[in-house]
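Reviewing the structure listed below.
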Protein chains: 2
Amino acid sequence: MRDKPSTQATLQQVADAAGVSLATASRVLHGSGGRTVREELRARVLAEASRLRYVSHAPAQALARATTSIVGLIVHDIADPYFAAIAAGAMRAARDHDLMVMVACTFREPQLELEYIARLRAQRARAIILAASSFTGTRFVADLADHLAGYADQGGRVVAIGDHGAGVDAVLPSNFAGAALAASHLVSLGHTQVGVVSGPPSLATVADRLAGFQSVLPAAAVVTGDFSRDGGYAAARSLLTQHPSLTAVFALDDVMAYGVLAAARDLGRQVPSDLSVIGFDDIPGAADVGPPLTTIRLDLAELGSRVLGLAVGPPSGSVSIPASLVVRSSTASAR
Amino acid sequence: MRDKPSTQATLQQVADAAGVSLATASRVLHGSGGRTVREELRARVLAEASRLRYVSHAPAQALARATTSIVGLIVHDIADPYFAAIAAGAMRAARDHDLMVMVACTFREPQLELEYIARLRAQRARAIILAASSFTGTRFVADLADHLAGYADQGGRVVAIGDHGAGVDAVLPSNFAGAALAASHLVSLGHTQVGVVSGPPSLATVADRLAGFQSVLPAAAVVTGDFSRDGGYAAARSLLTQHPSLTAVFALDDVMAYGVLAAARDLGRQVPSDLSVIGFDDIPGAADVGPPLTTIRLDLAELGSRVLGLAVGPPSGSVSIPASLVVRSSTASAR
DNA sequence: AGTAAGGCGGAAAGCGCTTTCCAACGGCGT
DNA sequence: ACGCCGTTGGAAAGCGCTTTCCGCCTTACT
């Protein structure tokens with residue numbers, strides 16, 4: 001009758017205290033199957049459980065039930081507002097599904113991505129969400145196939161943001177269409193000499209956005225950034241220095257656009273009168289930079305919650321997320 | 001000899017395939033204790049394990065070893081750059097300790113916070129990091145004591161960011177000193193009529209920052225925000241409308257400062273010539289808003305990695321994180 | 001009343017792994 | 001040659017929980 005057991009109470013102890021069998025205790029505390037337990041016993045068990053401060057043991061449950069309530073989310077960097085917003089959306093959805101989210105940051109190292117996939121597999125995560133993989137297209141199939149082999153058989157699902165080819169359900173942001181929208185906007189403003197601050201060319205997202213843009217307006221120059229603010233700054237700086245005649249630049253994502261804005265400022269170019277800048281994603285904060293950023297909006301929270309939904313729902317092919325133009329103050333007519 | 005077992009291989013199967021006992025397989029695959037295994041056997045086991053694509057079963061290990069490699073991180077909202085930056089720091093440190101991080105967003109609902117604590121306990125997380133709790137000071141002790149009772153006995157640690165009173169190790173950002181720094185800066189610029197956009201008064205962080213500020217410069221008016229950008233906007237709007245004579249405002253965090261900047265703009269007040277604005281935290285992006293925000297800098301990544309360190313290290317009291325003033329362009333001399 | 005049909009509690013067999021504990025096996029000293 | 005000790009492999013006992021299967025007891029029906 002000790003009220004403060006020095007160690008975490010177990011179901012067995014609750015059962016004993018309530019004078020019922022382990023099975024009964026399990027039934028009332030988890031009451032899954034159609035089985036019912038007499039009200040009196042149920043109450044006794046519940047009472048003892050709370051008196052003993054019983055907390056179920058998820059690992060043991062996982063072992064016995066052969067499934068967990070964990071989903072893994074692999075991102076490049078959770079401090080990046082793009083991933084942070086997606087993660088928030090995913091977590092909100094996770095709550096609706098009674099799931100916990102394990103987040104892993106690869107800091108853009110492919111090796112780490114592989115390692116985390118393995119660890120998430122070891123945890124028997126229900127699903128693994130690749131919010132942005134270093135492995136896309138055929139490379140994906142080749143390098144990740146191994147790491148994913150057997151995961152599906154074991155009941156695990158893999159879903160991704162962006163196209164990863166064969167067999168992986170994904171939510172597809174409208175990268176191509178969105179970038180085309182950005183280009184059209186610039187065209188309508190009379191820009192013809194425009195540069196683009198791109199990203200690592202191996203990523204499918206980069207290829208899509210670049211292609212979408214160029215399908216409308218061939219870039220006069222493109223330079224490669226790394227999706228970081230400082231990378232965007234450096235890229236823009238060299239771009240604007242080498243091509244002073246550019247009247248607009250398209251950054252493949254907003255955080256690089258932040259850097260572009262800063263570079264323009266440092267180079268004495270007035271935005272938007274001297275130079276128009278347009279980004280992509282519409283991350284929170286895009287409206288507050290100086291000047292407020294014109295960008296292509298993706299509903300990042302929705303993106304996150306959809307991908308989580310895909311991850312736990314039945315395999316259902318891919319869903320796409322629309323992109324829209326939001327005009328703020330970083331773009332204006334050419335000259 | 002099937003090469004593609006339809007189900008995840010188990011240690012037993014690896015052992016059988018390698019012709020050794022389960023115990024031996026376990027020893028080579030996890031080789032913890034001083035025990036050694038003959039080289040030949042070790043190689044055979046390793047070979048079979050990789051041929052069978054063996055992946056250890058973390059839940060089972062957790063059960064047998066009575067410990068996991070999970071730490072929980074509870075934040076208000078991972079999309080908030082403040083928490084995102086902290087999480088990134090924590091995850092980097094987690095990697096060094098071979099831990100996985102389970103992130104939970106409470107979206108500022110105390111009820112959810114309690115629920116997640118329970119779930120993390122159920123997962124047998126090694127430690128729970130309260131990055132920002134709705135329960136502070138005595139309220140903390142009262143309401144959370146129950147939820148945490150027994151967790152320590154069971155080996156779990158609870159650490160927090162900010163002061164939570166009794167028994168909880170914490171990393172303490174220099175909230176008081178930092179806010180005092182902000183006030184001094186404003187004073188040195190000649191401001192005397194300053195307003196502050198505060199946060200939920202129940203939070204210790206809010207109390208500390210407010211007190212620190214007022215210890216140097218009594219606020220002419222304080223209005224309560226909610227640490228969101230739009231909350232900051234609304235608060236600033238009413239503040240500036242009701243007290244048009246204010247020459248400066250201190251926002252308790254940068255994201256509210258974003259809102260203050262926007263409100264000032266909408267109200268036709270020029271920052272910094274008409275109105276100085278200073279924030280707190282120096283979140284990534286603070287340098288890119290218009291105008292670049294003067295703020296009190298906290299090394300958020302460091303904060304995150306320190307708190308993770310505290311969580312897995314031995315109980316060692318609290319550590320504090322310094323704050324420093326970074327002057328950008330949102331503050332200027334009064335009048 | 002007698003019996004078939006349910007409802008409901010309990011015993012027990014695992015789930016995959018770690019970790020004692022024991023036994024077998026060489027090599028050594030005397 | 002013989003007994004000892006240091007090594008190293010294996011058997012087995014759990015870790016805390018779920019779930020099937022059994023059997024008892026209560027109802028209801030003829």
Side-chain angles (χ1 to χ4, degrees), chain A residues 5 7-46 48-49 52-69 121-125 150 154-156, chain B residues 5 7-46 48-49 52-69 121-125 150 154-156:
Chain A
T7 177
Q8 188 54 252
T10 153
L11 230 209
Q12 181 64 259
Q13 296 173 17
V14 172
D16 291 351
V20 301
S21 80
L22 179 54
T24 301
S26 173
R27 285 196 270 254
V28 358
L29 256 19
H30 186 58
S32 59
R35 292 293 299 266
T36 80
V37 172
R38 195 161 20 110
E39 193 47 47
E40 182 207 344
L41 290 199
R42 150 177 305 278
R44 266 217 316 271
V45 171
L46 255 14
E48 287 307 309
L52 261 18
R53 301 183 186 299
Y54 172 74
V55 175
S56 67
H57 192 299
Q61 278 184 171
L63 187 55
R65 314 236 289 251
T67 183
T68 66
S69 56
R121 249 154 61 70
Q123 296 290 337
R124 294 306 190 265
Q154 157 201 322
Chain B
T7 178
Q8 188 54 252
T10 153
L11 229 210
Q12 182 65 261
Q13 295 173 18
V14 173
D16 291 350
V20 302
S21 81
L22 179 54
T24 302
S26 173
R27 286 197 269 253
V28 0
L29 256 20
H30 187 59
S32 59
R35 291 293 297 265
T36 81
V37 172
R38 196 161 18 114
E39 193 47 46
E40 180 207 342
L41 290 199
R42 154 179 301 280
R44 266 219 314 273
V45 171
L46 256 15
E48 287 307 309
L52 261 16
R53 300 183 186 301
Y54 172 74
V55 175
S56 68
H57 193 297
Q61 277 183 175
L63 187 54
R65 315 236 293 252
T67 182
T68 65
S69 56
R121 266 183 12 95
Q123 296 290 336
R124 293 306 189 265
Q154 158 203 320

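Residue numbering restarts at 1 for every chain, and letters A, B, ... go by the order of the sequence lines. Not measured: the values here are computed from a predicted model.
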Distance in angstrom units between B/Arg44 CZ and D/dT8 C1', rounded: 14 Å
Comparing B/Ala23 and A/Tyr54 on DNA chain D - which has the more 5′ nearest nucleotide: B/Ala23
Between C/dC15 (C1') and A/Arg65 (CZ): distance, integer Å: 13 Å
Any residue meeting side chain to side chain donor-acceptor pair (under 3.5 Å) with B/Glu40, in chain and number order, not counting sequence neighbours: B/Arg38, B/Arg44
Shortest non-hydrogen contact between B/Tyr54 and B/Val14, atoms and distance: CB-CG2, 3.8 Å
B/Arg38 vs D/dT8: side-chain N/O to OP1/OP2 distance below 4.0 Å: no
Below 4.0 Å: OP1/OP2 of D/dT8 and any side-chain N or O of B/Thr36: yes
Distance, rounded to the nearest Å, where A/Gln13 contributes CD and D/dC17 contributes P: 9 Å
B/Glu48 vs B/Asp16, side-chain contact (heavy atoms from CB on, under 4.5 Å): CA-CA, chis, key distance, verdict: CA-CA 9 Å; B/Glu48 287 307 309; B/Asp16 291 350; over 6 Å; no
Phosphate OP1/OP2 of D/dG16: any A/Gln12 side-chain N/O under 4.0 Å: no
Closest nucleotide among C/dC15, C/dC17, C/dG10 to the B/Ala60 side chain: C/dC17
Value in whole Å for how far the C1' atom of D/dC15 lies from CG of A/Leu63: 9 Å
B/Ser26 side-chain N/O to C/dT18 phosphate OP1/OP2 under 4.0 Å: yes
Separation of atom CD in B/Glu39 from atom P in D/dT8, rounded to whole Å: 11 Å
Non-hydrogen side-chain atoms of B/Leu29 and B/Leu46 separated by less than 4.5 Å: yes
Trace of the side-chain contact (heavy atoms from CB on, under 4.5 Å) decision for A/Arg124 with B/Gln8: CA-CA 10 Å; A/Arg124 294 306 190 265; B/Gln8 188 54 252; 3.4 Å; yes
Below 4.0 Å: OP1/OP2 of C/dG10 and any side-chain N or O of A/Thr24: yes
Rounded distance in Å - CG (A/Leu41) to P (D/dC24): 19 Å
Touch class at under 4.0 angstrom, heavy-atom based, for B/Ala66 against every strand present: nothing
Nearest non-hydrogen partners of A/Val20 and A/Ala25, listed with the distance: CG2-N, 4.1 Å
Sugar-phosphate, base or nothing in reach of A/Leu22, heavy atoms under 4.0 Å: base
Spacing between A/His57 atom NE2 and D/dC17 atom P, to the nearest angstrom: 7 Å
For B/Thr68 against B/Gln123, the heavy-atom pair lying closest together: CG2-O, 3.7 Å
Contact state string [nucleotides 21-26 of chain C, B base, S sugar-phosphate only, - no protein heavy atom under 4.0 Å]: B-----
Below 4.0 Å: OP1/OP2 of C/dG16 and any side-chain N or O of B/Thr10: no
B/Asp16 CG to C/dG16 P, straight-line distance once rounded to whole Å: 13 Å
Any residue meeting side chain to side chain donor-acceptor pair (under 3.5 Å) with A/Ser69, in chain and number order, not counting sequence neighbours: none
